[in-house]
There are 2 protein chains.
Amino acid sequence: MPQNTDNQYNYQSFQKVARFSKEDFYKQAFVEDCNTIRIKKEKVAVKNLEKIFEATFRICTRKGFQGMTMRDLSTESGLSMGALYSYFATKEELLNTLQRVGNSFITRVMEECVAELTEPLAKLRTILRTHLFLSEMIQPWFFFSYMEAKNLAKKERENYIKAELSTEKVITDILVEAEKENLLRTRNHQIAASIIKAMLQDWYLKRGKYAKRGITVDKYADIVIEWVEVYYLQTD
Amino acid sequence: MPQNTDNQYNYQSFQKVARFSKEDFYKQAFVEDCNTIRIKKEKVAVKNLEKIFEATFRICTRKGFQGMTMRDLSTESGLSMGALYSYFATKEELLNTLQRVGNSFITRVMEECVAELTEPLAKLRTILRTHLFLSEMIQPWFFFSYMEAKNLAKKERENYIKAELSTEKVITDILVEAEKENLLRTRNHQIAASIIKAMLQDWYLKRGKYAKRGITVDKYADIVIEWVEVYYLQTD
DNA sequence: AGAAAAATAGAGCATATGCTCGTTTTCTCT
DNA sequence: AGAGAAAACGAGCATATGCTCTATTTTTCT
């Protein structure tokens, strides 16, 4: 079976090489919303946004966004009610902010990751790995975003769906391109992309299960890529 | 029950041949809980349980179980608060009942579907198809169950996880058995079962997307089985 | 038809929850 | 050190929510 030539691209190298880190997530949140956030000093704001976001993820994993009360969030984050409301106007706004910031963060990273690649198969592998590495790095956000999308208001939910489909489209386009260059079998690429997306999502939705079985994100990436290659490179 | 010679086993035949229907779901709920349900007459109870369950699914799809108020449920189901509380003691109990009834329902159906089959590959295909057909028939329950599992109390959540893993184990066992008979390639069957499970879940989690693209459950079943066969039957 | 049983209705109670705002604490800069 | 600015605090208000309980309606049976 054809082997990956991207052995050196693993989670560790992703973290090292990437021009961003988990902290950029909170920085971006501050920069995007500094006009509505009542806290002036970036250092303070970023620190507290981290507290708020992390606390939200922890609580919502257990009881969901609707089940989380502002008192829960206050206790878990260590901030008072008053302090919390310096960062967002309403509970719903907190949800919107989280979704929006996360989406623009991953969009940026995903675009950067293939910017310099031209060979379709290399692009495909890189896209798959990067998506998995990103969802490993900010797994709580991915899980939260998926589970709480239904609580968004109309406009924000539409954005969510658009983002979902965009990931799928990126994969579809690469598959189509690769087939044109006779690198892959003829298949229904849109459906295939859908299936591949389901595999990617399983990683952040069932993070705990895989951890318990000792399957690292690098291992999982190999598995997904193996399924895709077998499906697309198999000869009749 | 469904046959093993695949071609004629589709969603329509599943519905016809199966010794159960959607309504059995509500009947089972009444039978299991008739000691706590304050309504005596089965006909009345089953009718209202249907109203309650369907209303719950409709509301929770939009705002989740925590976001649903008992007043919402009263309005949507057309029953008064008092009437609702004839069927369960607390809101939490409603959640427990829904999870429990659904689980025993699908366990029963899944066990019946392969009872008469011995050939591993036929068993595998039948399991996959039946799971998809079942999740098509009671899609709202599957979606609800998945999304609201986190709101369960400890004991009930453990049951949920057990049921999840059991589906996976059934698939793993068949794969192991098939490999022993040299019907399939050597692979890590547990991981493969995990991936297959993710594909099955995508059907009920993204029901709307597939509907919009005109992909029926029969088509989707073919796709999943194709992926599995390519992965397992491919020769080096 | 009429009485007993079964089922339904929905206002009302106690508590929980989102959010505000005057007060207090901490930080910054000279 | 001290004044002014920035940040944090948390009790309190208005409303929402889970659930109860009695009154009322519907069904059943003779």
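All values below were derived from every heavy atom in this structure, side-chain atoms included, with hydrogens, water molecules and symmetry-related copies excluded. Each chain gets a letter, A, B and so on, in the order its sequence line appears, and its residues count up from 1.
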Going by atom types only, do [X] and [Y] share a side-chain donor-acceptor pair under 3.5 Å?
{"X": "B/S194", "Y": "A/K206", "value": "no"}
{"X": "A/E164", "Y": "A/Q201", "value": "yes"}
{"X": "A/E93", "Y": "A/N96", "value": "yes"}

Rounded to whole angstrom units, what separation is found between the [atom1] atom of [X] and the [atom2] atom of [N]?
{"X": "B/M68", "N": "D/dC19", "atom1": "CE", "atom2": "C1'", "result": "14 Å"}
{"X": "A/L79", "N": "D/dC9", "atom1": "CG", "atom2": "C1'", "result": "11 Å"}
{"X": "A/L84", "N": "C/dT20", "atom1": "CG", "atom2": "P", "result": "12 Å"}
{"X": "B/D72", "N": "D/dC19", "atom1": "CG", "atom2": "P", "result": "14 Å"}
{"X": "A/K43", "N": "D/dA8", "atom1": "NZ", "atom2": "P", "result": "14 Å"}
{"X": "A/E93", "N": "C/dG18", "atom1": "CD", "atom2": "C1'", "result": "14 Å"}
{"X": "A/Y87", "N": "C/dT20", "atom1": "OH", "atom2": "P", "result": "17 Å"}
{"X": "A/I37", "N": "D/dA6", "atom1": "CD1", "atom2": "C1'", "result": "15 Å"}

For a quick check of understanding: with a heavy-atom distance under 4.0 Å over all strands, which category does [X] fall into, base, sugar-phosphate or nothing?
{"X": "A/F88", "result": "nothing"}
{"X": "B/T90", "result": "sugar-phosphate"}
{"X": "B/M70", "result": "sugar-phosphate"}

For [X] and [N], is the shortest distance between a side-chain N/O and OP1 or OP2 below 4.0 Å?
{"X": "A/N48", "N": "D/dA8", "result": "yes"}
{"X": "B/K91", "N": "D/dG18", "result": "yes"}
{"X": "A/S80", "N": "D/dA8", "result": "no"}
{"X": "B/Y85", "N": "C/dA7", "result": "no"}

Point to revise | Comparing B/R38 and B/F65 on DNA chain D - which has the more 5′ nearest nucleotide | key: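 First, find each residue's nearest nucleotide; the 5'-ward one identifies B/F65.
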Point to revise | OG1 on A/T172 to CD1 on A/I174, rounded to 0.5 Å | key: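 Nearest 0.5 Å value for the CD1-OG1 distance: 9.5 Å.
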Check your understanding: Looking at the side chain of B/K40, which of C/dA6, C/dT8, D/dA6 is the nearest nucleotide?
Key ->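 Closest of the options to the side chain of B/K40: C/dA6.
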Practice item. Check every atom of D/dT17, D/dA8, C/dT8 against the side chain of B/T69 and return the nucleotide holding the closest atom. Key: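 Of D/dT17, D/dA8, C/dT8, D/dT17 is nearest to the side chain of B/T69.
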Check your understanding: Which pair of non-hydrogen atoms, one from B/I215 and one from B/Y220, has the smallest distance, and what is that distance?
Key ->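 The pair with the smallest heavy-atom distance is CG2-N, 4.0 Å.
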Practice item. Report the relative orientation of the aromatic rings in B/F14 and B/F133; use parallel for angles under 30°, tilted for 30 to 60°, perpendicular for over 60°. Key: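 B/F14 vs B/F133 ring planes: tilted.
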Practice item. Please state whether the rings of A/F25 and A/F53 are parallel, tilted or perpendicular, taking 30° and 60° as the class boundaries. Key: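 Aromatic pair A/F25/A/F53 classed perpendicular.
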Contact list (N/O, under 3.5 angstrom) for nucleotides 24-30 of chain C vs protein:
{"unit_1": "C/dC27", "atom_1": "O3'", "unit_2": "A/K41", "atom_2": "NZ", "d": "3.4"}

Check your understanding: B/K150 and A/T61: side-chain contact (heavy atoms from CB on, under 4.5 Å), yes or no, with the steps?
Key -> CA-CA 7 Å; B/K150 65 168 154 308; A/T61 302; over 6 Å; no
Point to revise | Most 5' of A/R71 and B/I39 on DNA chain C, judged by nearest nucleotide | key: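 First, find each residue's nearest nucleotide; the 5'-ward one identifies B/I39.
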